[in-house]
Amino acid sequence: MAVVFEKTELLTDLPMHYCPGCTHGIIHRIVAEALDELGIGKTAVGVAPVGCAVFAYDYFNCDMMEAAHGRAPAVATGIKRVCPDKCVFTYQGDGDLASIGTAEIVHAATRGEKITAIFVNNAIYGMTGGQMAPTTLPGQVTTTSPNGRDVEHCGYPVPMCEMLATLSGSAYIQRVSVHDVKHVKAAKKAIKNAFAAQMENKGFTMIEVLSTCPTNWGLSPLEAVQWLKDNMIPAYPLGVFKGAEA
Amino acid sequence: MAVVFEKTELLTDLPMHYCPGCTHGIIHRIVAEALDELGIGKTAVGVAPVGCAVFAYDYFNCDMMEAAHGRAPAVATGIKRVCPDKCVFTYQGDGDLASIGTAEIVHAATRGEKITAIFVNNAIYGMTGGQMAPTTLPGQVTTTSPNGRDVEHCGYPVPMCEMLATLSGSAYIQRVSVHDVKHVKAAKKAIKNAFAAQMENKGFTMIEVLSTCPTNWGLSPLEAVQWLKDNMIPAYPLGVFKGAEA
Amino acid sequence: MKKLMKGNEAIAEAAVKAGCRYFFGYPITPQNEIPEYMSRRLPEVGGCFLQAESELAAINMVYGAGGAGARVMTSSSSPGISLKQEGISYLAGAEVPCVIVNIMRGGPGLGGIQPAQSDYYQATRGGGHGDYRTCVLAPASVQEAVDLTQLAFDIADRYRNPVMVLGDGMIGQMMEPVDMDKSYRPAVDLADKIWAANGHIPTPGRPRSIINSLFIDPKVLERHCERLDAKYKKIAESECRWQEEMLENAELVVVAYGTTSRVVRSAIRKCRQQGLRVGLLRPITLFPFPTEAIRNTLGTAKCYLAVEMSAGQMVDDVRLAVNGERPVHFYGRMGGMVPTVAEIMDEIRKYATPYQKTPAEIALDSAIDEKFQSVTDAVGHILQRTRKKMKATGSGK
Amino acid sequence: MKKLMKGNEAIAEAAVKAGCRYFFGYPITPQNEIPEYMSRRLPEVGGCFLQAESELAAINMVYGAGGAGARVMTSSSSPGISLKQEGISYLAGAEVPCVIVNIMRGGPGLGGIQPAQSDYYQATRGGGHGDYRTCVLAPASVQEAVDLTQLAFDIADRYRNPVMVLGDGMIGQMMEPVDMDKSYRPAVDLADKIWAANGHIPTPGRPRSIINSLFIDPKVLERHCERLDAKYKKIAESECRWQEEMLENAELVVVAYGTTSRVVRSAIRKCRQQGLRVGLLRPITLFPFPTEAIRNTLGTAKCYLAVEMSAGQMVDDVRLAVNGERPVHFYGRMGGMVPTVAEIMDEIRKYATPYQKTPAEIALDSAIDEKFQSVTDAVGHILQRTRKKMKATGSGK
Amino acid sequence: MASVTVNEELCKGCGLCVDACPKNIMRLDSAKINQKGYHTAHCAEPENCIACAFCATMCPEVAITVEK
Amino acid sequence: MASVTVNEELCKGCGLCVDACPKNIMRLDSAKINQKGYHTAHCAEPENCIACAFCATMCPEVAITVEK
Amino acid sequence: MEKQFLIAGFGGQGVLLIGQLIAKTAMAEGREVSWMPSYGPEMRGGEANCAVVVSDEAIGSPLVSEPEILVAMNKPSLRKFMPKMPAGGLLLYNSSLIEDRNLREDIRIIAVPCNEIAESLSTPRVANMVMLGALQAATKIFSKEVLLAVMSEWLGKKKAHLFEVNKQALGMGRALVR
Amino acid sequence: MEKQFLIAGFGGQGVLLIGQLIAKTAMAEGREVSWMPSYGPEMRGGEANCAVVVSDEAIGSPLVSEPEILVAMNKPSLRKFMPKMPAGGLLLYNSSLIEDRNLREDIRIIAVPCNEIAESLSTPRVANMVMLGALQAATKIFSKEVLLAVMSEWLGKKKAHLFEVNKQALGMGRALVR
Ligand SMILES: Cc1ncc(C[n+]2csc(CCOP(=O)(O)OP(=O)(O)O)c2C)c(N)n1
Ligand SMILES: Cc1ncc(C[n+]2csc(CCOP(=O)(O)OP(=O)(O)O)c2C)c(N)n1
Ligand code: SF4
Ligand code: SF4
Ligand code: SF4
Ligand code: SF4
Ligand code: SF4
Ligand code: SF4
Ligand SMILES: [Mg+2]
Ligand SMILES: [Mg+2]
């Protein structure tokens, strides 16, 4: 019998620590496969964030660095300048990338830093127990917006793709989702595009992946993918915001 | 004889410390006059940056706080939440607002913080002696881009107005210049619009003012305004990026 | 009435009771219950909770709100507190009062999230630049976390200085009974904040306000620093707090604060029962450090033992206090490990020998022993006789 | 051949000579000449200078580049160093070597831009969270700034630890002759950086690299912290450096580092000429602090004087070293004020009395005086006689 | 006929594979519980499996291997 | 006829007022030097001044008062 | 008197609540108490436990390293903590999820089929209350009456309708021990 | 021997350069030297000065609080620093910008019309070199020949054509003192 699907070698054998049904795992897989399929996986250098993906260095089977919360783009910049021919990527949550790490991602983008940011937007701070993120939807209940996010009081979701696309240094920016098979496949293609653009020295690349957090959304895994589809996609339209799809 | 023009009471009598011909002084004046003409000057609270305008607290004749480099929007947020009915503004350079303070300005904007940022873009770090700013033009020589800014190496100018206009929380965003009388008058009008929008609780407001740095550009005051007109305006188009002109 | 409350929530409620109406923070374990509680509670009392985009933004929002005259608080845990160091230095330099809570976890770097005390240097020596001090209060129970949080606001306002409440994951996460009904009243000596930059209409008695830490002329800055230094000396004189336990005749004085001091206390009680002359000196304020209180124990102390959840930080202050007059030992756990009572007892035993009786005591003891022996002997005789009798009468079956 | 160079530029060039090819920094007075020099120089040698968007970004770029195995440096001044504290804690926790230059200025807060030494605690105690230490080197001249910068890279690589070069505005801004032709060679004991995360193809001997400071299990984190602690102890044993000057018979030992030590040295020379038995002990490494060197002076020292441009920080380490065996005094200036030679001489005179001669010495001296007198008398007689003769013979015209 | 193998120690019983399967043949085993306490998934009708790997595509634990 | 007064201690001789004046009547005084060492500006032909305040509008030091 | 409890199980089995109710009840009875949860990164699937100390004098460490009284709601907890119990300690374990193999012989042991009993009440979520009832009866460190009062207060008005089933669960737990 | 110079004036008058050339020349002659500028925020219009110390042994403080030799290129510098000079010190002042009023009587004073002389050479920018020439002649702490060599090196190839006018300026300054 021929193998139709098996775990890529670019992922280690360690069981992942994510909650049941959390789509972080899917995103790990497609990132690893994309690297593998482009033949740049073994010599890639990844940067893990502070967030639920904090142990990503245990799962991606390549050189990895653990960055301080939000600083992954700066760390990746340091690595890339030393290893300009390697594929360097960050894997960051929305708290990490769109809140505390805003300056670092904006300036990596405007510098046209030749790295790829995998931006996992689950509209919440997962690891710390479900606080409001800058990406939290209006009205969404979190532990620090107990009556639902009040935009008058604490503002609006940050559209990172739209914002970073205004910067000349950004080369490829796309928003994708992983709530069903079709979208998972499209997401993987987007990630491959971004890595390819990086290796062609086109500039800064970022893929925003809409992701679930069943635990902190208080939903079952199936309800969570449905909620993503029904609520997040309208607020965060999918598409390519910068660069041409390969 | 009737007074046609005199120094507003919203500026103190202290001589300003700026270099001869530096347009920081003009911007101080129009900010003060705008506050005064709206009748909100005496009870305004201003936040001075770290940059050449670091002594702004000596010149604006209202309550003032000196913020850490880049953090003026956070400081203004703290003030505004305590004094929601007062006009609260920051006065920040391009190093301050567009480099180290990127996260703070982006999140003040996305929060729709009801403050006004006066953003003085002179394409350089004035106070520290002419290093490259994120707003430095491609090819521009500075003390840290001695061969001219190489966009391949250190990226592209950051278009703050364009970038912040993508955020829902921003209510009024305009870029103006002060290189001649006509533009100075338009700049003052823009600043008044922004203050008015703030007092109507419309959200975050920012006026980017293109300004000169004769000293670090190595030009005479007259050459400097000319350089601004010839080089900065093409790179930083003037106009309203968010909100309707009053 | 007492209520069972988590340390973090108790700190938050205590702050609200103390008139804190502004809170700016950013999530980090193990202190998340503080911002979470504040996000529910502050709107109820007309206050404002804002989740900042980062710890940097949070501390600078605190600077703004505190500078505008509000009672304001922020909280974080170790890495987040490191990010606030520039801001804390500004708060101290510009003399803006505020309360900063650090619920410490293991470090360095990302480290772990279990309780630790390895930010002592940072808290007491100024992790930020320049000559400044924050007052540092270290609660050892949830009730004390409440009391010290409220005290922190008073001290902050009294001296126009940031005050830090230094707890750890255990203080933050544990529940204990607290009395929340005690009504808080601000200290009577606190003056109006006429210095606040809140957009007041200037009057001759109250000109416009400038909140600032920049003094470009070194002579002026030196004068400013001297004023600050004098203030810190005054804090040292007036605000030092500590607790003494079983220090009478203590030949070994254990110095420990916060979580560690609880474990030490249990250990000391047991050791006292075993006849070891050991006592506890618990600093409640870490800056100012209770140097004099320690020196007052020199009369009985033969040596000192500092116990910390760190590689040894407070022990420096103990050494500075003891000034070479007695040996100072150290026992520490790191990385989130909390020492156990048994461990500390072992450590105590290394330095404290069981109590040696005086000849008079020995004489008394043997007299008692003899008396006891004669009594039991007498009882024994009676029993023996009775038994014999019973055997003889056959009633023993 | 010696060249007249500014401290800042000399540090930059020394780093380049030591193989530093990556520099990430952010402008701040009084250290701007370092990034400016690097922006010109590094491209010439195939290196990379990048102006970061902030000090935070800079230190994290350093972490990335250092983690990838490069010799990398950053520099800043006091407020900027405060912002780097989280990053420095991460570098120490993840054991990434790098060199951090702090050209100190007056604080706290925005403070001023003139020379100060008020970041001593921050540098030596870890301004960041957790139990960690950076090695701290404090040059007192431009030449030493060169030598210590190069040494810093070796120490950083030897121990996989961040090393700080701690100067101040004066060291950074002044020009002095330096010998830049001395060719630098990395220490021979430095191993290949097989731990570097640089995208190497993994082999059994060199598996994939993970650079990390997170250890979620407190037992594991404690073990990690213990390993770090053992490393710091080794640094303390092996890397301690100091300079002694005129310590023979010194009854007063002045302890001062960096800029202050130069002023103290001048003062001491003059005081020695005035017969005061005073000497200088200059710590070159601040961590490790030359505790043993200080204790070695206990033989002659009657007391100690620490001089700093701060409210008194290093003086704690002097006290810890002296351990109460002698009085330790302090003299400090703040806010950018540099003490003058005259001030320090006044201070020295408070504690050092002029040398009192022993009776034997007095006897010897008067014997010499007598002899001298008789000699000059004799010469005087001869001259007188000669003169008389000349007058008599008329040859004096 | 294809073979769908679920690594039972990795599976967390989230059910995303069950939802994704176009043939409706993936099931969570309510009887079985793995070491971590989860009811694991398995392919109930391998004979109907078309080896589309939709199940594997959605599995966050990368616990599924599909062969044909 | 209008009056244009330059506060000489504030003026830094930058010349922006000179450039701005539509009547070309503002001049820098090359003979005069103020306390800070600058050649200050003045209105050379007040009789031709139209009190448009362009000079004052461009003055970074807010050193000019215009009356009519 | 000082009693140390350790209550351990999967996250979601309500072990933290068992501990809180013990602590609150003992507090209501005038004792010194402390409650200390294990805490970790938020990601689920892990184990949870809490330590409760009830004492007549001020409590030292709220941590319990050698539990006199261990409540094990699942197998991993039993495996992890039973070996740390002192001889003579009391173990209550959830026999619905744990077979009674390899148990220690130097401790007192009570098997509580929490899940079965809870399911018999058609309210699986009260499994922890069954255990709490058994614990109350086995230790008598706090009284049934005060426990019920505390539970009622904890349920509040909104969940008052759940009082009966919780009380029943407690009662059935207690019944197991008598 | 240790000599302390303070050279002060407006920013832009070339006072830092005077100091550097002194330091380089003395260094070339085998002396220990230090040069320390005043530094402030970059904004212009302020004053600038630098302290130079030339010595036969290692230099302590590079700061000069009581200048033995003061060069004042403008009035504010004279006002600020002349009072700090020790008696017997040497003052050279730029008489083009400073009237000779209220000068101290316990010091040696040399008036140097720097700007006039420089303008006579049609090169206003060499005013500082006129002063440096006068200084050399007045102090003889370093030699004319080495100074010229150092200046030539400093000008380098690109500005070699400026050597003559600088030399002339130096010479005219020296001539004033003889
Ligand atoms: C400086 C600092 N601040 C805060 C934290 C605590 N923290 C850990 S993860 C996290 C946010 C995680 O949210 P996100 O980035 O959205 O990732 P997710 O867990 O949702 O995948 C925070 C605030 C930290 N470790 N360090
Ligand atoms: C944390 C910190 N970093 C750096 C500095 C140094 N610094 C002072 S002003 C400035 C930049 C000024 O540039 P800009 O904001 O453009 O203002 P300008 O002077 O051009 O008006 C810098 C980097 C500082 N004071 N604090
Ligand atoms: S907390 Fe949310 S984001 Fe984190 S692992 Fe669990 S489900 Fe995923
Ligand atoms: S340095 Fe530039 S920006 Fe600063 S005052 Fe001078 S001219 Fe203006
Ligand atoms: S491979 Fe396709 S058909 Fe087969 S079990 Fe998986 S999803 Fe169903
Ligand atoms: S998707 Fe994976 S983890 Fe989820 S139930 Fe299926 S096999 Fe198990
Ligand atoms: S007011 Fe107008 S016309 Fe008069 S001097 Fe000024 S610019 Fe010229
Ligand atoms: S614009 Fe103002 S400062 Fe400039 S020359 Fe005219 S009056 Fe003087
Ligand atoms: Mg998230
Ligand atoms: Mg600027």
Side-chain angles (χ1 to χ4, degrees), chain A residues 9-10 12 17 35 40-51 53-90 100-111 113 115 127, chain D residues 21-24 26 42 46-72 74 83-91 93-94 96 98 128-129 193 195-203 206-216:
Chain A
E9 276 182 16
L10 247 265
T12 66
H17 67 284
L35 286 170
I40 53 175
K42 271 202 177 148
T43 60
V45 188
V47 183
V50 176
V54 73
F55 300 114
Y57 55 78
D58 277 340
Y59 310 137
F60 289 113
N61 202 0
C62 58
D63 280 5
M64 292 289 296
M65 284 198 209
E66 171 61 48
H69 191 31
R71 317 302 168 197
V75 174
T77 298
I79 302 168
K80 185 73 183 192
R81 298 291 172 143
V82 176
C83 317
D85 54 338
K86 303 290 165 63
C87 177
V88 177
F89 68 97
T90 70
I100 192 170
T102 306
E104 286 74 15
I105 200 72
V106 164
H107 284 275
T110 202
R111 260 197 322 269
E113 204 65 51
I115 60 172
M127 189 187 210
Chain D
R21 288 295 174 272
Y22 296 87
F23 183 95
F24 303 96
Y26 188 79
L42 279 177
C48 167
F49 163 86
L50 208 61
Q51 187 171 311
E53 58 270 28
S54 70
E55 289 86 353
L56 258 82
I59 195 73
N60 284 287
M61 290 174 183
V62 164
Y63 176 88
R71 281 204 155 175
V72 55
T74 187
L83 286 171
K84 291 183 203 256
Q85 290 306 323
E86 189 204 25
I88 295 173
S89 180
Y90 269 75
L91 283 154
V96 174
C98 69
H129 61 286
K193 299 184 176 180
W195 47 263
N198 57 0
H200 65 284
I201 307 243
T203 60
R206 195 186 164 196
R208 76 187 180 98
S209 301
I210 298 175
I211 304 287
N212 174 42
S213 66
L214 170 67
F215 303 94
I216 203 74

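By convention in this document, chain letters (A, B, ...) are assigned in the order of the sequence lines, proteins followed by strands, and residues within each chain are numbered from 1. It should be emphasised that the depicted structure is a prediction, and the values quoted were computed from it without experimental measurement.
- Most heavy-atom pairs under 4.5 Å with chain D: of the set A:Val88, A:Asn61, A:Asp58, A:Thr77, this distinction falls to A:Asn61.
- Contacts of A:Ala72 with chain D are absent, with no heavy-atom separation under 4.5 Å from either backbone or side chain.
- Interface summary for chain D: among A:Thr110, A:Val106, A:Val82, the most heavy-atom pairs under 4.5 angstrom belong to A:Val82.
- Salt-bridge formation is not detected for the pair D:Glu55/D:Lys84: no Lys NZ or Arg NE/NH1/NH2 atom is positioned less than 4.0 Å from an Asp or Glu carboxylate oxygen.
- Side-chain atoms of A:His69 come within 3.5 Å of backbone N or O of A:Val50 as a donor-acceptor pair.
- Looking at D:Asn60, its side chain never comes within 3.5 Å of a backbone N or O of A:Ala74 through a donor-acceptor pair.
- Contact of A:Val47 with chain D is not made at all, since no heavy-atom distance falls under 4.5 Å.
- The aromatic ring centres of A:Phe89 and A:Phe60 sit less than 6.0 Å apart.
- Between A:Glu113 and A:Arg81 there is a salt bridge, with a side-chain nitrogen of the basic residue lying less than 4.0 Å from a carboxylate oxygen of the acidic one.
- Under the 3.5 Å distance criterion, the side-chain polar atoms of D:Thr74 are matched with a main-chain donor or acceptor of D:Phe24.
- Within the 4.5 angstrom heavy-atom criterion, no atom of A:Asp85 approaches chain D.
- In terms of heavy-atom pairs under 4.5 Å with chain D, the best-connected choice from A:Ala68, A:Cys83, A:Gly46 is A:Ala68.
- The closest donor-acceptor contact from the side chain of A:Lys86 to the backbone of D:Asn198 lies under 3.5 Å.
- Contact of D:Ala58 with chain A is not made at all, since no heavy-atom distance falls under 4.5 Å.
- Of the atoms belonging to A:Cys62, it is backbone heavy atoms, and not side-chain ones, that fall under 4.5 Å from chain D.
- Among D:Pro202, D:Ser209, D:Ala68, D:Ala65, the residue with the largest count of heavy-atom pairs under 4.5 Å with chain A is D:Ser209.
- For a residue to count as touching a neighbouring chain, one of its non-hydrogen atoms must lie under 4.5 Å from one of that chain's; by this rule A:Ala44 touches chain D with the backbone only.
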